[in-house]
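One structure is given here, and the rest of the page talks about it.
Scope of the values below: all heavy atoms of this structure, side chains included, with no hydrogens, waters or symmetry mates. Everything numeric in this text was worked out from a predicted model, so none of it was measured. Labels below follow one simple rule: chain letters A, B, ... track the order of the sequence lines, proteins then strands, and each chain is numbered from 1.
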Protein chains: 2
Amino acid sequence: MDDGKVPSAEGFALREVLDLVGDKWALAVLAQLSGGPRRFSELERALTGVSRRILSLTLRRLERNSLVMRTVYPEVPPRVEYEMTPHARELDAPLCALLAWASKHRAKVAEGRRAYDLANA
Amino acid sequence: MDDGKVPSAEGFALREVLDLVGDKWALAVLAQLSGGPRRFSELERALTGVSRRILSLTLRRLERNSLVMRTVYPEVPPRVEYEMTPHARELDAPLCALLAWASKHRAKVAEGRRAYDLANA
DNA sequence: CTGAATCCGCGCGGATACTG
DNA sequence: CAGTATCCGCGCGGATTCAG
């Protein structure tokens, strides 16, 4: 069904995936949630650099795309937990494949970039 | 070496990959190039909707990140060919994994989105 | 044919302040 | 604790025009 190459039309299908997890903090959030359910403030602490608002928006969008489940516990003080959906869990493998690629080529890419920038000084 | 989950810190590493191919048209371009070298105008025709400028910028950025090789043939009229680098070829597999996920969950995600939007009308 | 230059609008992300 | 509301700057992408 597939020859191992990425057919032309599928380039667009791949973009759909990026539109799901392409937010600046989406992958970092999912990485956190892959370790189990997390509270809002836990995520906020773990992801140094993210603002409350952006974290909120990111979670909302992930929830909208069925990648994250939001559970509110009616207590005082309020408690809200986020966890990955089964759909999102199946993303782990593909993502790890990308991760492997990254760790293998990160250095080369960085060096190539330096060379490129140097050539076009 | 890895437990199948995505460790927290690696969320940021994954973002680096997205920064490489996260351009709106980058994946579509790579998909085209995975079928072999292509000329600028060929890409322009294949990717309906992209402007010359954006295509040019996209290619330049891919080239900077060592994902695309640019070859100029000193002829009249000028001819320029783009092709994937070995690094980029190794991205095919991870990308196909993502593609598989997409085709498997596309419908569910879309439906979930409708439900979400409906609930928050 | 293959770009580069300019202009412009929109969306995303960050900072800050307020609320149930 | 877990958000929402408002403002704002910047970068990306699109349209158009000019050039080697």
Per nearest nucleotide of DNA chain D, the residue lying toward the 5' end, B/R52 or B/R61, is B/R61

Where B/K24 and A/R15 come nearest, the two heavy atoms and their spacing: O-CD, 2.7 Å

In terms of the nearest nucleotide of DNA chain C, which residue is placed more toward the 5' end: A/L57 or B/P78? B/P78

How many Å lie between OH on B/Y73 and C1' on C/dG3, as a whole number? 18 Å

To the nearest Å, give me how far apart CG (B/L18) and P (D/dC12) are. 15 Å

Establish, with yes or no, whether the OP1 or OP2 oxygen of D/dA2 is under 4.0 angstrom from a side-chain nitrogen or oxygen of A/S56. no

Answer yes or no: does a side-chain N or O of B/R60 lie under 4.0 Å from OP1 or OP2 of C/dG3? yes

Please state whether the phosphate of C/dG13, meaning OP1 or OP2, lies under 4.0 angstrom from any side-chain nitrogen or oxygen of A/S51. no

Grab the CG-C1' distance between A/L55 and C/dC12 for me, whole Å please. 15 Å

Nucleotide D/dA2, atom C1' - distance to CD of A/E75 in whole Å: 13 Å

Between CD1 of B/I54 and P of D/dG11 the distance, given in whole Å, is 15 Å

Quick one: does NZ or CZ of A/R38 land under 6.0 Å from the six-membered ring centre of A/Y82, within 45 degrees of the ring axis? no

Distance below 4.0 Å between B/R39 side-chain N/O and C/dC1 OP1 or OP2: no

Heavy atoms only: give me the nearest A/L67-A/L30 pair and the separation to one decimal. O-CD2, 4.4 Å

Just the rounded figure in Å: distance from P of D/dT4 to CG of A/L59. 10 Å

State which of D/dG3, C/dT2, D/dC1 makes the closest approach to the side chain of B/V80. C/dT2

Are any of A/R70's side-chain N or O atoms less than 4.0 Å away from OP1 or OP2 of D/dG3? yes

Got more than 12 heavy atoms from elsewhere within 6.0 Å of CD, B/E111? no

Whole Å only: how far is the NZ atom of B/K24 from the C1' atom of C/dC12? 15 Å

Would you say the side-chain atoms of A/S56 pair up with the backbone N or O of A/R52, donor to acceptor, closer than 3.5 Å? no

Rounded to the Å, how far apart are B/D23 CG and C/dG11 P? 19 Å

Please determine, for the side chain of A/R53, which listed nucleotide (C/dG3, D/dG3, D/dC7) has the closest atom? D/dC7

Report the nucleotide, chosen from D/dG14, C/dG14, D/dC1, that has the shortest atom-to-atom distance to any side-chain atom of B/W25. D/dG14

